[in-house]
Amino acid sequence: MDNVKSSPSPARWFRVLKRTVSGDCQQKKFVTPSLCEDALRKCREAFSSGKTRPCSFRSLQLEAILNMLDKHEEEFIGALEQDMHRPRFETILSEINSVKNEALYALNNLEKWTQPVPGQKSMSNLLDSCFIQMEPVGVVLIISGWSFPIQLSLIPLVGAVAAGNCVVLQPSGTCTHAANLLQRLIPLYLDNSCYHVACGGQNELMKLLENKFDHILYTGDRLTGRAVMLAAAKYITPVSLVLGGKNPCYVDNSCDINMAARRIAWARFVNAGQSSLAPDYILCQPEIRDTLIHELSICVEEFYGKNPRESSNYGRLASVELYLQVKDLLSCGQVAFGGETDDSERYIAPTVLTDVKEADPIMQTEILGPVLPILTVENLDEAIQMINRKDRPLAVYVYSESERVISDILCRTSSGSFCSNDSMIQSIYTSMPCGIIGNSGIGIYRGKHCFEAFSQSRACLLRNTAVECVTYLRYPPYAEKPLRLLLWACSISRKKSLCHIL
């Protein structure tokens, strides 16, 4: 048996990819056309023709996405209710409105983003035109995640469209109703020669990854992320990977515990805990642990009632496999409250665990479910040390009234994003990137950053032909006087630094 930690062969990674990415698609038995070669041919032809380059075309496609969301809002709500028992409120707020804001932000700024950016000039090119032109990279493959299947499909699509690319979209096979809806609606609204949806199982996915793309964005688990990188490496294709991680949440003694509990409970249990940005575990000092647990239990009852299974505001796990993985984690530590499960509904109650050890299985894997372990630390330094012992996460959270505590955690930890006195809210701002670092992934996207992720910064210099009297200085035979003149014309002067070297 191959060891995962060893250097695996390409064949083994593709076997892993078949199991992890395509397993759900096979189980759900998608009925999809084999469109890999045809879709890619159409995309290449459309991109080569320059069809996607005009801002007017890009704007038209972005408007079409908005139109699709407006006209079919109830269908999206219904699809996610079937897939995940997702409440209407959560679907509108976290899926539909997020994509609308992203598309509107792109529409409002598209003309500015596509304008050439002037380059810095020196004495050597004062008469030249020097600028950076943002250009589309070509044909993009987007492999979306299942936790927020509409948002994770359409937000990257918005960025790729705004940048002027053609796109092949592979929705997650876990949420079949959402994937089928995207496959049906996108061809009705977007240009059929430029944008394609490739639902399907093992064969379709493997055919896609065997082809050359100009950029691949993948959202999902680390194991599959490595396999996607391996497939991309064959063509030296750049990738953006959103892989998740364990997001720590430090609750300081000075904070308003009732407020902190409400915000943490919402972030951890929204979408039944299926979010890569949710607080993954809490660190707090022993003297406030019991109070925090009590406040969390009150919040859960306020949000979902005495029996969350009967609440219309509480979702279900997206797949049987995920449900079983999260259910196994309940054996770690002690259940403070919650812990109820129902195999027939893929239901796990909002659960808080105590007496969890750093070496326990629940602390070695990302928790994509409604389970929140609480670990105690003696002081802030111990909390920071524990955070830094783990891989750098997508987010770090801290609840405190002390500016020193907030500053210490901000400056002494590293993560894709940071938020004090709230959780996950940083992700709703289109002007803020979805930051990724270390094992949590590669690259950034959202808003302008998404546009830039799918663009090439092309350096352009339009030389003036009437400056040969200066240009001749660079030609052989070489001499000291021309060299001094060229160095004077081309060198950059030092400015006074605001950073002082001690």
Side-chain angles (χ1 to χ4, degrees), residues 94 244-271 273 275-304 333 336-338 350-356 358 362-363 366-367 369-390 392-429 432 434-435 440:
S94 63
K246 295 191 71 64
N247 307 316
C249 178
Y250 178 69
V251 180
D252 185 47
N253 291 8
S254 68
C255 78
D256 180 336
I257 294 183
N258 175 265
M259 177 273 293
R262 295 180 70 83
R263 296 182 181 186
I264 293 170
W266 171 80
R268 178 66 270 182
F269 302 126
V270 70
N271 195 31
S275 171
S276 59
L277 275 175
D280 197 272
Y281 61 97
I282 289 178
L283 300 174
C284 68
Q285 295 183 31
E287 52 265 34
I288 66 168
R289 189 196 72 166
D290 291 344
T291 303
L292 178 59
I293 292 171
H294 177 68
E295 292 294 337
L296 285 168
S297 67
I298 291 174
C299 293
V300 167
E301 186 171 333
E302 287 180 359
F303 294 169
Y304 309 114
F337 66 83
T351 302
V352 168
L353 300 178
T354 59
D355 300 328
V356 173
E358 191 176 356
I362 197 169
M363 294 301 295
E366 181 182 14
I367 306 169
V371 182
L372 181 62
I374 298 181
L375 291 80
T376 56
V377 291
E378 291 302 319
N379 51 49
L380 175 62
D381 287 339
E382 185 181 342
I384 292 174
Q385 290 170 11
M386 185 180 295
I387 292 169
N388 289 336
R389 279 197 295 269
K390 297 190 174 296
R392 289 177 287 183
L394 283 177
V396 168
Y397 301 111
V398 53
Y399 288 81
S400 178
E401 294 296 327
S402 168
E403 292 183 6
R404 183 191 65 81
V405 170
I406 294 171
S407 177
D408 266 4
I409 293 184
L410 175 60
C411 296
R412 295 170 60 190
T413 64
S414 177
S415 61
S417 63
F418 177 89
C419 184
S420 66
N421 294 314
D422 214 331
S423 300
M424 298 205 333
I425 296 299
Q426 75 274 16
S427 67
I428 71 171
Y429 299 105
M432 301 271 281
C434 174
S440 65

* Asked: Measuring from Cys411:SG to Ile406:CD1, what's the distance to the nearest 0.5 Å?
  -> 11.5 Å
* Asked: What's the shortest heavy-atom distance between Ala336 and Ile293, and which atoms?
  -> CB-CG2, 3.8 Å
* Between Met424 and Ser275, which heavy-atom pair has the shortest distance, and what is it? -> SD-OG, 3.4 Å
* Asked: For Thr354 and Asp290, what are the C-alpha separation, side-chain angles and deciding distance, and is it a side-chain contact (heavy atoms from CB on, under 4.5 Å)?
  -> CA-CA 10 Å; Thr354 59; Asp290 291 344; over 6 Å; no
* Does the pair Tyr250 and Gln285 meet the rule for a side-chain contact (heavy atoms from CB on, under 4.5 Å), with working shown? -> CA-CA 9 Å; Tyr250 178 69; Gln285 295 183 31; 3.4 Å; yes
* Asked: Looking at Ile409 and Phe418, what are the two nearest heavy atoms and their distance?
  -> CG2-CE1, 3.8 Å
* To do: Quick one: pull up CH2 in Trp266 and OG in Ser423 and give me the separation to the nearest 0.5 Å.
  => 8.5 Å
* Nearest heavy-atom neighbours spanning Asn247 and Ala395 -> OD1-N, 3.0 Å
* **Closest approach of Tyr304 to Pro350 (non-hydrogen atoms, all atoms of both residues)** => CD1-CG, 4.1 Å
* Asked: With a 4.5 Å heavy-atom cut-off, do Leu283 and Ile387 have their side chains touching?
  -> yes
* Structure fact -> Here the gap from Ile288 atom CD1 to Asp252 atom CG, rounded to the nearest 0.5 Å, amounts to 7.0 Å
* Rounded distance (nearest 0.5 Å) linking atom OG of Ser420 with atom CD of Glu403 -> 9.5 Å
* Min side-chain heavy-atom separation Pro393-Asp280 under 4.5 Å -> no
* To do: Verify whether one side chain among Gln426 and Tyr397 offers a donor that lies under 3.5 Å from an acceptor in the other.
  => yes
* **Leu292 side chain near Val352 side chain, heavy-atom distance below 4.5 Å** => no
* Asked: Is there a side-chain contact between Ser417 and Leu277 (heavy atoms, below 4.5 Å)?
  -> yes
* Do you know the tightest heavy-atom contact between Gly273 and Arg268? -> O-NH2, 2.6 Å
* When you look at Tyr399 and Ile264, which way does the side-chain contact (heavy atoms from CB on, under 4.5 Å) test go after all the steps? -> CA-CA 10 Å; Tyr399 288 81; Ile264 293 170; 3.5 Å; yes
* Asked: Roughly how far apart are Asp256 CG and Arg263 CZ, rounded to 0.5 Å?
  -> 8.5 Å
* According to the side chain to side chain donor-acceptor pair (under 3.5 Å) rule, which pairs have a member within residues 291-302, sequence neighbours left out? -> Asn258-Glu295, Arg262-Glu302, Glu301-Lys306
* Within a strict 4.5 Å, meaning less than it, do heavy atoms of the Phe337 and Leu296 side chains meet? -> yes
* Asked: Can any side-chain N or O of Lys390 pair as donor or acceptor with the backbone N or O of Gly245 at less than 3.5 Å?
  -> no
Determine all donor-acceptor pairs shorter than 3.5 Å in which one atom belongs to a side chain in residues 370-384; sequence neighbours excluded.
from: Asn379; atom 1: OD1; to: Asp381; atom 2: N; distance (Å): 3.2
from: Asn379; atom 1: OD1; to: Glu382; atom 2: N; distance (Å): 2.9
from: Asp381; atom 1: OD1; to: Arg412; atom 2: NH1; distance (Å): 3.0
from: Asp381; atom 1: OD1; to: Arg412; atom 2: NH2; distance (Å): 3.3
from: Glu382; atom 1: OE1; to: Glu378; atom 2: N; distance (Å): 2.9

* Approximate separation, where rounding is to 0.5 Å, of Glu401 CD and Met259 CE -> 6.0 Å
